[in-house]
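Here is the structure we will look at.
Just so we're on the same page: letters track the sequence lines, and every chain starts at 1.
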Amino acid sequence: MKLNVIQEELDTHFDVKVKVDSKKWFYTNIVKDHFFNPRNLLKEDNEAKKYEKNCDGVGQVGSASCGDSMKFWLMINKEEDKILEAKWQTFGCASAIASTSMLSVMLTENAGMKIEVALKLRPQDIVARLLDLPERKFHCSVLGDKALREALNDYFRKSGQYDRVKVEGAKVIDMILKITDKDIEEAVLEGAHTFEAVQKKTKVGVHDKSCIPEVEQLIRFYKEKYFG
Amino acid sequence: MKEIYLDNAATTYCRDEVIEAMIPYFKINFGNPGSFNTVGLRAKESLDEARNKVASLINADPFEIIFTAGGTESINLAILGVAKAKKGKHIITSKIEHHAVLHTCEALEKEGYEITYLDVNQYGQVELETLKQSIREDTILVSIMFANNEIGSINHIKDLTEICKERKVAFHTDACQAGGSIKIDVKDLGVNLLTLNGSKIYGPKQTGILYVKRGTPIKPLIHGGGQERNLRSGTENIPGIIGFTKALELSYEELEQENKRLTELRDYLIEEAIKKVPKTFLNGHPTERLPNNVNLTFLDIEGEALLLFLNEYGICASSGSACTSQTLDPSHVIISIGLPYEAAHGSIRFTLGKTTTKEDIDKLLEILPNAVKRLREISPICLTVEQVLENRK
């Protein structure tokens, strides 16, 4: 139903209807559908400001300078510890927009997702629902679950459930160049799947050779996590 | 739905006259110009004719024209070939060159050469003073592009070569983008080396030339039968050479009229897009730019998303966004003119061509404001033009 509303609004902006069946497309049809007809979108600043006042948690990750930025607003069913509504805005490429839209659907379908389930969502769960994304686009969808985590942390803090707040900190691996596990994660997500490739991207282990075994372990871990 | 192709800086189609000129050289006049028989001689004659023609078009000697397999090869030959032939270890180029130049220079850096990457002004042009100050005793080559492929800004090549002449440094210019719209006169420009590319001037792909001024020290990269003054071995691609020559000839014949038409369309698009789409600005020089290049930044949105939106309406453009590049890095050109990353992510290039009509531009202007509006509604970012342009040089 929501889709129809957005489609109608879309039609008022456009003289031509968005067709979701044309063949020449860089992504799957589901990605395309979510890109052109985003679900659960919080449009325009006024609407967002109003919603933000009433919602239970807000989270934002990324920045325009790095090419992707996502914001999530959540309404929580406190009795059942479930997500009631998930609204969002995204600055980014088509796959970033579509994956955030898909995540919002996954969170709210079937009367809402349990928070403990939502906390376990992995990027590849979103990608699976989109049917596929090019590997190099993978990092976009990863941001979606990070923004969700931020929004849930915000809800936990606001509702006094401090024990549930979980902040993903970065740990310094290469002591000389101050390279963290997050940097390694980023490199793996951008397609560096061997130590040589990660080193080329990050210079990790060039000076601090003692970190190499740990870096290799991290590469295996993130490869398994995101591409396994 | 009509396809509106606004990516002519990427490549142009091959025009009919060019294809027709090429056809006899596949089957009828197919010989190897190196063969000592009538079939070979026939091919040799055609090759010589083409070389004479290209030479006369750009005011060079036929001896100075080296046919290659395109812009990238010519650039590699110019930079690596001169580096091999000379003693010094210092090369100067600019920060906004095409990757064919930048990556070739980086390869030399790994071999121990020192490369100076010159800053450009806010329009993407190399300032004379910047070049003057960077030339050293051991500088062997300066390579600065004629016109930029992304933002269309045109460099003052004649003034730059003056400086190099005084200091006796060889000068190469990558004129791939300028090729179809600026008439080249190598003597007047004062260049030692100049690259032209067929696939940007309605000619066949994998064709081009390197102009090498008589007396310029240069060594080959490809060894073999000694063709092209021993600078580029391999049996000559006669159909390609004929096609390139025809394309260059035609583009010069039509240059004045076509430039006038394209400039009008270009300025119309720039003016109307900025008027119709809030928070939009032009990248590159407003007047010293290629007649077919429009490069705009739309704040708060990401270029790839806008490209896909436009593509859905049959409009083919290109973007400086990281998402559309193989390396996931945003355009080095937009960053080099002093704009922040967010401005590079939201930059879109429209490059007009022979088939572009006023109706095409009007269609684009009809879709563009709505597409940007849609994506801005999705976006949580809200920048201002002042904020973004604050650090522009």
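- Using cut-offs of 30° and 60° on the angle between ring planes, the pair B:Tyr341 and B:His345 is tilted.
- Counting only residues at least two apart or on different chains, the salt bridge (Lys or Arg N to Asp or Glu O under 4.0 Å) pairs with a member in residues 333-349 of chain B are B:Asp7-B:Arg349.
- Taking the centre and axis of the six-membered ring of B:Tyr117, the NZ or CZ atom of B:Lys95 falls outside the cone set by 45° and 6.0 Å.
- Using non-hydrogen atoms only and a strict 4.5 Å limit, no part of residues 351-359 of chain B faces chain A.
- Ion pair A:Lys49/A:Glu52 not flagged as a salt bridge, since none of the NZ, NE, NH1 or NH2 atoms sits closer than 4.0 Å to an Asp/Glu carboxylate oxygen.
- Residues satisfying the ring pair (Phe, Tyr, Trp, His ring centres under 6.0 Å) test with B:Tyr13, not counting sequence neighbours, are B:Tyr202.
- Residue pairs satisfying the salt bridge (Lys or Arg N to Asp or Glu O under 4.0 Å) criterion with at least one member in residues 274-285 of chain B, sequence neighbours excluded, are listed as follows: B:Glu272-B:Lys275, B:Lys279-B:Asp300.
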